[in-house]
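Notes to accompany the following structure.
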Amino acid sequence: MKILSRELGKLFEAAAMAAFPELSPEQVLKFVTLEKPADTMHGDYACPAPLRLSKILGKNPQDIALAIIEKLPKDYRYDSVEFARPGFINLKLSKDFLEEELKQLEGGFSVEGHVSDKPVIIEYSGTNAAKAMQVHHLITTILGQSLSDLYEFMGYEVIRINHLGDWGTHFGKLIYAVETWGDRSDIERNPNAEFLRLYVKFNTEAEKNPELENEARKIFKALEDGDELRMAMWNWMVKESLEDLTKIFVRLGVHFDHIMGESFYLKMADEILEDGKKRGLFVEGEGGALIYNMGGDKVPALIQKSDGTTLYLTRDVATVKYRVETWHPASILYVVDVAQSLHFEQDFAISKALGYVEDSKLEHISFGRMSFADAAMSSRKGNVILVDDLLEEAVKRAGVLSAAKAGEMPREELARVKEIVGIASIKYGILSQDRVKNLIFDWDKMITLEGNSAPYLLYSYARANSILEKAGVELTGMPRLSDPLEIDLVRQMLKFPEVLEAALNERKPHIIATFLYELCQSFNHFYGKCRVGDDRNRLGLVRAFMHELKTGLTILGIPVLAKM
Ligand code: ARG
């Protein structure tokens with residue numbers, strides 16, 4: 001399908017240009033757009049150009065509107081184009097066109113793809129090896145996967161990378177803890193939980209005996225210097241931990257093209273430090289550390305510690321260099337917690353100053369913190385809520401929704417449905433919220449058959465599916481629309497390409513979720529009022545609805561269910 005606001009927008013641009021040759025192409029592009037009308041009663045699109053151009057042209061909006069309308073070609077796709085106060089042109093799609101589009105939608109949903117010779121790198125998850133996955137990691141993992149799927153659906157080539165946190169001072173602490181209190185077979189049985197326990201143990205012990213911090217620092221220094229025994233230990237820990245993490249990735253249906261640890265970039269650190277020093281960008285700070293001045297009254301960025309070990313930031317600058325040299329991406333998107341905004345500001349500034357960025361765009365796709373509606377959960381600190389536990393709890397709670405079906409479904413089928421609904425609820429609970437705001441985690445809102453939730457959407461799909469299964473009619477010939485409810489449903493469905501584009505432009509999957517939720521509401525309303533039975537036209541609507549819902553849910557990482 002085409003992105004209609006863009007397709008029809010071109011006609012408006014040409015008409016405005018013909019009516020007002022004094023406008024520059026830039027002005028036309030900027031002011032002559034097609035947008036969602038305030039009220040769909042007034043049409044499918046509204047062009048605000050007359051209002052916006054009034055000052056520039058020194059004419060009243062109505063005259064501008066009429067002049068543009070006069071230059072618009074006759075086109076079967078719309079049947080009314082009218083001036084509306086205070087300065088809009090409203091356009092209404094024709095029934096012929098809606099029927100033609102519906103026919104296409106009955107066969108499936110796709111969007112005319114984006115063409116570019118450069119890939120987009122989307123970095124997400126950034127889970128830490130030998131540490132349990134935390135709630136903010138769950139958010140980036142789900143959000144990043146969905147954004148990648150969206151980009152790919154829209155025709156982009158995407159390179160998905162998990163920037164695994166497998167390096168850093170915490171490994172000094174962990175190795176100390178494993179050597180002192182760890183048990184190999186306990187760790188191998190339950191790696192990340194055990195690493196977490198040992199890490200917490202280290203911190204409690206270090207509070208009593210600060211000397212431990214020193215020991216840990218020495219171990220990390222030995223690691224950075226390539227000490228063989230310590231490296232062997234580190235290798236084993238990362239391997240065990242990653243295998244454990246992979247179970248969660250599989251369960252979430254998440255995948256990466258590359259899992260590359262921070263350690264991978266270590267070998268480039270010296271070169272970067274030298275480079276920066278040579279150019280006078282990295283200067284000596286307190287106690288022999290190296291810093292980069294961010295300018296103004298911003299805090300300087302620390303790029304090398306006084307003991308000579310590298311930092312998270314150093315490794316990230318190396319990462320930019322490596323990615324740009326290797327893939328020449330159009331852009332690199334970092335899906336990471338808002339708490340790291342300063343870090344990325346520094347990373348991007350340094351990488352640019354060193355000339356590593358070429359013409360790639362670097363973007364921090366940040367998201368808010370998660371707060372828990374559940375009192376017991378919110379009283380625990382965020383870092384003690386384990387992702388494994390959340391997933392288990394979700395599946396258990398999803399069981400309640402399908403309990404009524406227990407008699408109708410074979411046992412294994414029921415278990416599969418519970419797993420899908422549980423995981424889907426968590427994903428949707430995250431993806432349906434505007435990522436830049438703080439996120440709320442509320443079981444009652446996520447796992448319910450009512451309201452903006454995964455179970456409601458999945459249920460709407462399963463219901464549509466059962467309508468189709470019962471019907472015995474083939475969808476041949478052109479569908480014909482007559483009832484206003486049918487017509488409105490198609491009009492709503494034709495907005496999907498634009499919704500996907502907006503979600504991509506803003507990097508916000510919740511825009512898709514909101515659309516799907518509203519579409520399900522309209523569909524359920526239509527279904528409540530219009531008998532479908534064997535009506536070919538209405539069955540066409542059911543089919544089209546299912547294609548869109550399935551497409552949208554798939555982009556949100558949620559598989560549909562034939563029965564629920
Ligand atoms: N491992 C980091 C953390 O847990 C996140 C990594 C984000 N990505 C990056 N390129 N720095 O906080």
Side-chain angles (χ1 to χ4, degrees), residues 126-134 136-137 163-245 261-270 272-273 284-291 301-318 339-340 343 381-384 386:
T127 21
N128 295 322
K131 265 194 189 174
M133 193 165 162
Q134 297 172 14
H136 70 91
H137 293 121
H163 189 70
L164 187 72
D166 67 352
W167 204 255
T169 40
H170 65 283
F171 272 96
K173 300 180 189 183
L174 260 169
I175 290 179
Y176 182 92
V178 170
E179 286 175 350
T180 315
W181 309 292
D183 177 275
R184 198 175 175 107
S185 57
D186 281 351
I187 293 175
E188 285 178 348
R189 217 171 304 121
N190 219 343
N192 288 336
E194 201 47 27
F195 287 135
L196 177 68
R197 190 186 67 76
L198 288 165
Y199 190 68
V200 171
K201 167 112 178 139
F202 177 92
N203 286 327
T204 1
E205 294 296 325
E207 261 171 44
K208 287 178 258 166
N209 178 8
E211 180 47 27
L212 295 192
E213 297 281 357
N214 240 341
E215 291 300 315
R217 249 191 303 274
K218 275 192 228 150
I219 296 178
F220 181 59
K221 177 86 174 103
L223 271 183
E224 285 238 331
D225 294 340
D227 179 285
E228 247 176 69
L229 271 178
R230 253 65 204 254
M231 280 305 281
M233 172 67 126
W234 169 83
N235 254 315
W236 168 75
M237 287 167 66
V238 172
K239 177 180 142 294
E240 288 298 325
S241 173
L242 187 56
E243 276 173 19
D244 203 11
L245 282 172
E262 288 181 34
S263 62
F264 175 83
Y265 302 98
L266 216 56
K267 52 183 186 295
M268 296 167 67
D270 283 344
I272 286 169
L273 293 171
E284 206 156 303
E286 257 170 72
L290 274 190
I291 56 166
L302 185 63
I303 192 86
Q304 186 183 35
K305 281 203 238 177
S306 44
D307 67 1
T309 54
T310 59
L311 287 147
Y312 181 47
L313 181 60
T314 331
R315 297 187 290 273
D316 252 319
V317 172
Q340 300 199 22
H343 167 76
K381 284 217 184 91
N383 55 6
V384 199
L386 297 182

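Between atom NZ of residue Lys131 and atom OH of residue Tyr199 there is a gap of 4.5 Å, rounded to the nearest 0.5 Å. For the atom pair Lys239 NZ and Asp166 CG, the distance stands at 15.0 Å (nearest 0.5 Å). Note that CG of Asn214 is 10.0 Å distant from CG of Asn209, once rounded to the nearest 0.5 Å. Taking CG of Asn192 as the start and CE of Met237 as the end, the distance is 10.0 Å to the nearest 0.5 Å. Glu262 contributes atom CD, which lies 10.0 Å from atom OG1 of Thr314 (distance to the nearest 0.5 angstrom). Atoms OG and CD, on Ser241 and Glu194 in that order, are 12.5 Å from each other to the nearest 0.5 Å.
Taking 4.5 Å as the limit, some side-chain heavy atom of Glu179 sits within range of a side-chain heavy atom of Arg230. Using a 4.5 Å cut-off on side-chain heavy atoms (C-beta onward), Met268 and Arg315 make no contact. Under the 4.5 Å side-chain criterion, counting only non-hydrogen atoms from C-beta, Phe202 is not in contact with Thr180. Counting heavy atoms from C-beta on, the side chains of Ile175 and Leu223 come closer than 4.5 Å. Within the 4.5 Å cutoff, side-chain heavy atoms of Thr127 are placed close to those of Leu164. Counting heavy atoms from C-beta on, the side chains of Lys305 and Thr169 come closer than 4.5 Å. Between Lys173 and Asn203 the shortest side-chain heavy-atom distance falls below 4.5 Å. At a threshold of 4.5 Å between non-hydrogen side-chain atoms, the residues Leu313 and Leu302 do not count as touching.
The minimum heavy-atom distance between Ile272 and Ala318, with the atom names listed, is CD1-CA, 3.2 Å. Contact detail for Ala132 and Leu196: the closest heavy-atom pair is CB-CD2, 4.1 Å.
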Before giving the answer on ring-ring contact (aromatic ring centres under 6.0 Å, His included), spell out for His163 and Tyr265 the whole-Å C-alpha distance, their side-chain angles and the decisive distance to 0.1 Å.
-> CA-CA 11 Å; His163 189 70; Tyr265 302 98; 5.8 Å; yes
Tell me, with the steps shown, if Asp244 and Phe195 meet side-chain contact (heavy atoms from CB on, under 4.5 Å).
-> CA-CA 11 Å; Asp244 203 11; Phe195 287 135; over 6 Å; no
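Considering only residues two or more places apart in sequence or on other chains, Glu228 meets the side chain to side chain contact (heavy atoms under 4.5 Å, CB included) condition with none of them.
Figure legend: Lys267 and Phe264 shown as a cation-pi pair, the cationic atom lying under 6.0 angstrom from the six-membered ring centre and within 45 degrees of its axis.
Proximity of a side-chain donor or acceptor of Asn190 to a complementary backbone N or O of Ala193 within less than 3.5 Å is not detected. Between the side chain of Asp225 and the main chain of Asp227, no donor-acceptor pair closer than 3.5 Å is present.
Side-chain contact check for Tyr176 and Glu205: no donor-acceptor pair (N or O, by modelled atom type) lies under 3.5 Å. For the residue pair Glu224 / Thr310, a side-chain donor-acceptor distance below 3.5 Å is found, with atom types taken as modelled.
Ring planes of Trp234 and Trp167: perpendicular class, angle over 60° (limits at 30 and 60°).
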